[in-house]
Amino acid sequence: MEKVLITGGAGFIGSHLSEYFLQKGYEVYIIDDLSTGSIRNIEHLKSNPKFSYTLDNVLNKSIMLELIDKVDYIIHLAAAVGVKLIVQRPVYTIENNIEATKVVLELASKKMKPVLIASTSEVYGKLDKELFNERDNLVLGSTYNFRWCYAASKIIDEFLAIAYYREKRLPTIVVRFFNTIGPRQTGQYGMVVPRFVRQALRGEPITVYGNGTQRRSFTWVGDVVWAIGKLIHEPKAYGDVINIGHVEDISIIDLAKQIKELTKSKSKIVFVPYEKAYEPGFEDMPRRKPDISKINKLIGYKPTKSLREMLIEIIEYEKRNSEE
Ligand code: UDP
């Protein structure tokens with residue numbers, strides 16, 4: 001049976017991916033330093049004999065080499081995530097994201113093991129276009145604004161992955177996630193959906209940053225893990241960059257209204273200026289919607305749920321969890 005290593009396996013996406021591969025009968029190895037991941041995310045997997053976890057940092061090369069030796073594929077999710085964390089800890093973000101990817105690619109190439117690297121729709125920056133295509137220009141703001149250091153670090157990761165493919169023939173795939181959501185996501189690092197859902201359920205003010213006209217398209221975590229499972233078996237994806245996202249988008253103010261309605265909450269919707277929410281001079285992305293024609297052609301990817309269906313599932317999950 002196939003074996004897979006997931007870095008960041010105790011994170012939100014990593015824990016869903018672990019479940020997915022275990023259900024398929026894989027042996028799953030994860031490594032996570034629990035910086036933004038949580039042992040709670042994998043509690044239910046720990047007794048599975050096919051699951052093994054290492055609590056350490058990807059930068060620990062001897063451990064990583066041993067793990068890479070054991071597996072057939074590597075999925076590199078470990079990274080600093082969440083706009084709030086990134087703005088607060090830029091040194092950590094830049095160093096960690098670039099160094100970790102460097103280690104993963106360097107060690108994987110010693111053993112010629114295929115690697116899938118997680119990138120982000122954040123790399124498109126302030127691109128003002130209806131649909132973001134993998135070949136579009138990446139439009140970042142100035143280096144005075146730390147928001148963009150996340151995108152810049154992920155752009156280097158992407159270049160590294162493609163360079164390893166072109167120069168060293170290492171099979172690498174880069175995927176760009178578009179606002180993945182689902183059960184177990186934490187709002188602690190800024191992510192809007194879990195924040196709004198918890199605020200609504202507790203009757204606290206729902207905090208819309210800026211004027212709420214910025215738009216996002218949210219992707220179901222189940223679709224993301226399905227896509228990753230297919231892509232690692234698709235040699236046509238090697239050396240390429242691939243969007244994984246949803247075709248439906250919504251303004252943040254409408255998202256707040258929809259969550260308020262679905263939770264039947266009495267919460268007020270309040271507007272918080274960006275400089276208060278993040279830092280002075282903060283720039284947001286006005287819109288962000290993927291062109292998913294490439295992934296559709298490659299593996300027949302199609303989003304399986306509407307935004308409303310996703311929100312209902314997340315609300316149910318949060319209700320169950322707050323009762324525990
Ligand atoms: N946002 C918001 N209120 C919050 C958290 C986030 O209005 O409490 C906004 C944020 O400014 C952005 C959008 O929601 O415009 C999505 O934010 P998130 O951090 O989830 O992801 P991003 O797309 O910015 O990476």
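Counting starts at 1 for both ligands and their atoms, following the listed order.
Looking at E318, E313, E19 one by one, the single match for salt bridge (charged side-chain N to carboxylate O under 4.0 Å, His left out) with R184 turns out to be E19.
Atoms CG and CD1, from L55 and I42 in turn, are 6.5 Å apart once rounded to the nearest 0.5 Å.
Looking at residues two or more places apart in sequence or on another chain, you find no side chain to side chain donor-acceptor pair (under 3.5 Å) involving H246. Under the side chain to side chain donor-acceptor pair (under 3.5 Å) criterion, Y53 pairs with no residue at all, not counting sequence neighbours. Under the side chain to side chain donor-acceptor pair (under 3.5 Å) criterion, W148 pairs with E283, sequence neighbours left out.
A distance limit of 4.0 angstrom between heavy atoms and ligand 1 selects the residues V83, E122, R147, N179, G190, M191, V192, R195, F196, T207, V208, Y209, Q214, R216, I252, Y274, Y278, D284, R288.
Side-chain atoms of T54 and D56 form no donor-acceptor pair, as typed in the model, at a separation below 3.5 Å.
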